[in-house]
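Residues take their numbers from the sequence shown, with the count starting at 1.
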Amino acid sequence: MAVSSSTMSIKKVLITQPRPDSDKSPYFELARKHSVELEFYPFIRLEGLPSKDFRKQKIDIGQYSAVIFTSRHAIDHFFRICEELKIAVSQDTKYFCITEAVALYLQKFILYRKRKVFYGADGTNKSLFDVINKHKENEQFLYPCSENQQDNDIINWLKANKCEFATPFMYRTISNDVKQVLAKFEFDVICFFTPSGVRSLLENFPRYKQNGTRIGAFGNNTSRAIEEAGLTLHIKAPAPETPSMVAALEKYLSSNKK
C-alpha cells in the first residue's frame, strides 16, 4: 500500500465518501483555493434491512412521538420501512436532527414546519442535546440507526435523562474493497466520517501503518474509532469554529501553509 511520507506539503486528499453531485460543492472550492487534488471513494455502502427483519425487533413506530436523525441515510430508511409496512407517520411527530442540512432533507418526505423540526446549532451532539432538552417532556423517542453502528453518546444521554426511547435498526453498513484506490495513490490526508469507515480501512489493511498520513474525522465516535485503532488524529470536526469537514480542512490547510 502506498502512503505519503511527507510531513509538510499537502497535495492529495482522500474523502471517504461519494463524489458530490454538484460542481458547486464547497469541496471543489477548497481544492482550487489550496491547489490540492481531491479523490472521493466511499469506504462503506449501506444496505437496507428488509422489513421482515425490522418486524422481528417488535418496535411499534406509531407509539413514538419524536424521531432523532443523525444522517440523511437514516431518514431514507426510516420512511422506506414506514412505506413498506404501510405505517402512517403522525403529522404531529417531532424530528430532531444533528444539522440543518439533515433537517432540510426531511422535505423529501414531510411537509416541513419549523414547529416540529429542530436541529443543533453547530452539528455537535451537545447542540443536539440542548435542543432535545427543551422539548423532551412527554416525548417518546425513536433513534433509527445502523445495525452495526450507533452513536453511544446519544444513547447514553437518553438514558441519563430518563427518556423513553428505542433504537430500531433499519440498515447495515458493509465495507467496500478499498485496496485498489489506496494502492494506486499516495494520500497526504484521509478523511473519515463514520466508525464503519475506519473499520473498513482496517479490514482491508489489517496491518495498516499511518507513515505520516494525516487523518481527519467527523464526529466523536469516528474520532474515538481512529484513536482506538492506534492512529493519530490531526483534523477533527465538528467544532464551534469548524462545523463541517470542509471547514476543518480549510483551517488545517491554511495553518499548514503558514
Spatial distance of atom CZ (Arg214) from atom NE2 (His234) [nearest 0.5 Å]: 6.5 Å

Minimum heavy-atom separation for Ile59 to Ala166, with atom names? CD1-CB, 4.2 Å

Let me see the working for Ser146 and Phe169 under side chain to side chain contact (heavy atoms under 4.5 Å, CB included), right down to the final yes or no. CA-CA 5 Å; Ser146 167; Phe169 302 143; over 6 Å; no

Is a donor from one side chain sitting under 3.5 angstrom from an acceptor on the other, for Ser223 and Glu227? no

Please verify the inter-ring angle class for Phe96 with Phe118; under 30° counts as parallel, over 60° as perpendicular, anything in between as tilted. parallel

Can you find a heavy atom in the side chain of Pro20 that is under 4.5 Å from one in the side chain of Phe28? yes

Applying salt bridge (charged side-chain N to carboxylate O under 4.0 Å, His left out), run through Lys33 and Glu250 and close with a yes or a no. CA-CA 9 Å; Lys33 180 178 177 181; Glu250 165 71 39; 2.9 Å; yes

Hey, does Ile154 have a side-chain heavy atom less than 4.5 Å from the side chain of Phe141? no

Carboxylate-amine/guanidinium proximity below 4.0 Å for Arg80 and Glu84: yes

Let me confirm one number: the CG-OG distance from Leu38 to Ser25, rounded to the nearest 0.5 Å. 8.5 Å

When you measure from the side chain of Glu137 to the backbone N and O of His135, does any donor-acceptor pair fall under 3.5 Å?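 Side chain of Glu137 to backbone of His135, a donor-acceptor pair under 3.5 Å: no, none is there.
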
Could you tell me whether Lys116 sits above the aromatic face of Tyr95, with NZ or CZ closer than 6.0 angstrom to the six-membered ring centre and within 45 degrees of the axis?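 No, Lys116 does not sit over the ring of Tyr95.
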
If only side-chain N and O atoms count, and only distance matters, is there a donor-acceptor pair under 3.5 Å linking Asp76 with Tyr105?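 Asp76 and Tyr105 do have a side-chain donor-acceptor pair below 3.5 Å.
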
Just so I know, are the side chains of Tyr252 and Ile10 near enough to count as touching, which here means a heavy-atom distance under 4.5 Å?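 Side chain of Tyr252 against side chain of Ile10, heavy atoms only: contact under 4.5 Å found.
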
Can you tell me how far the CG atom of Leu128 sits from the CD1 atom of Ile98, to the nearest 0.5 Å?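 CD1 of Ile98 is found 4.5 Å from CG of Leu128.
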
Could Asp177 and Arg45 be called an ion pair, given the rule that one side-chain N must be under 4.0 Å from one carboxylate O?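 No, Asp177 and Arg45 are not salt-bridged.
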
Determine whether Ile68 and Leu158 make a side-chain contact, defined as any pair of heavy atoms from C-beta on separated by less than 4.5 Å.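 Of all side-chain heavy-atom pairs linking Leu158 with Ile68, at least one is under 4.5 Å.
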
Would the Phe69 and Phe78 ring centres measure less than 6.0 Å apart? yes

Got a salt bridge between Glu228 and Arg224, using NZ or NE/NH1/NH2 to carboxylate O under 4.0 Å?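 No, this pair does not count.
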
Geometric class of the Phe43/Phe192 ring pair [parallel <30°, tilted 30-60°, perpendicular >60°]: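 Perpendicular.
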
Gap separating the CD1 atom of Ile215 from the CD1 atom of Ile190, nearest 0.5 angstrom: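 Rounded to the nearest 0.5 Å, the CD1-CD1 separation comes out at 6.0 Å.
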
Using modelled atom types and a 3.5 Å cut-off, is there a donor and acceptor pairing between side-chain atoms of Thr242 and backbone atoms of Pro238? no

Rounded to the nearest 0.5 Å, what's the gap from CG on Leu85 to OG on Ser51? Could you check? 5.0 Å

Give me the atom names and distance for the closest heavy-atom approach of Ile44 to Ser196. CG2-O, 3.5 Å

Would one find more than 12 heavy atoms of other residues, nucleotides or ligands at under 6.0 Å from atom CD of Gln140?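 Yes, enclosed.
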
Less than 4.5 Å apart, any side-chain heavy atom of Ser254 and any of His34?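 Ser254 vs His34: side chains touch.
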
Any donor-acceptor pair under 3.5 Å from Asp53 side chain to Leu49 backbone: no

Atom NZ of Lys179 with >12 non-hydrogen neighbours under 6.0 angstrom: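 More than 12 within 6.0 Å, yes.
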
CA sep, side-chain torsions, deciding dist, call: Glu186, Lys12, salt bridge (charged side-chain N to carboxylate O under 4.0 Å, His left out): CA-CA 7 Å; Glu186 293 186 357; Lys12 198 167 183 68; over 6 Å; no

Check whether any side-chain heavy atom of Asp188 sits under 4.5 Å from a side-chain heavy atom of Val13, and report yes or no. no

Using side-chain heavy atoms (C-beta onward) and a distance below 4.5 Å, is Thr16 in contact with Phe193?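 Heavy-atom side-chain distance check passes, below 4.5 Å.
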
For residues Cys97 and Ala103, report the shortest heavy-atom separation together with the two atoms involved. SG-CA, 3.6 Å

Least distance between heavy atoms, Val198 atom then Ala225 atom: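 Closest approach of Val198 to Ala225: CG1-O, 4.0 Å.
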
Within the 4.5 Å heavy-atom criterion, are Asn204 and Ser200 side-chain neighbours or not? yes

Look up atom CZ in Arg199 and atom OG1 in Thr173, then write down how far apart they are to the nearest 0.5 Å. 4.5 Å

N/O donor-acceptor pair under 3.5 Å between Asp60 side chain and Gly62 backbone: yes

Kindly determine whether Asn133 and Lys136 satisfy side-chain hydrogen bond (donor to acceptor under 3.5 Å, both in side chains), including the steps that lead there. CA-CA 5 Å; Asn133 200 42; Lys136 74 175 187 292; 2.5 Å; yes

Applying side chain to side chain contact (heavy atoms under 4.5 Å, CB included), run through Phe165 and Ile155 and close with a yes or a no. CA-CA 9 Å; Phe165 74 97; Ile155 292 173; 4.2 Å; yes

Backbone N or O of Val89 within a donor-acceptor pair of the Thr93 side chain at under 3.5 Å?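 Not at all, since once roles are kept as given, no pair shorter than 3.5 Å links the two residues.
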
More than 12 non-hydrogen atoms from neighbouring residues, nucleotides or ligands closer than 6.0 Å to CD on Glu241, yes or no?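 Not more than 12 within 6.0 Å, no.
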
Salt-bridge test for Glu37 and Lys11: reply yes if a basic N is under 4.0 Å from a carboxylate O, no otherwise. no

Exactly one of Asp122, Asp130, Thr124 should register a side-chain hydrogen bond (donor to acceptor under 3.5 Å, both in side chains) with Lys126. Which one does? Asp130

Set out, in order, the CA-CA distance, both residues' side-chain angles and the distance that settles side chain to side chain contact (heavy atoms under 4.5 Å, CB included) for Ile110 and Phe79, then state yes or no. CA-CA 10 Å; Ile110 66 167; Phe79 286 101; 3.7 Å; yes

Over 12 foreign heavy atoms within 6.0 Å of CG, Asp21: no

Determine, step by step, whether Phe40 and Leu14 satisfy the side chain to side chain contact (heavy atoms under 4.5 Å, CB included) criterion, reporting the C-alpha distance in whole Å, the side-chain angles of both residues, the deciding distance to 0.1 Å, and the verdict. CA-CA 6 Å; Phe40 295 90; Leu14 174 60; over 6 Å; no

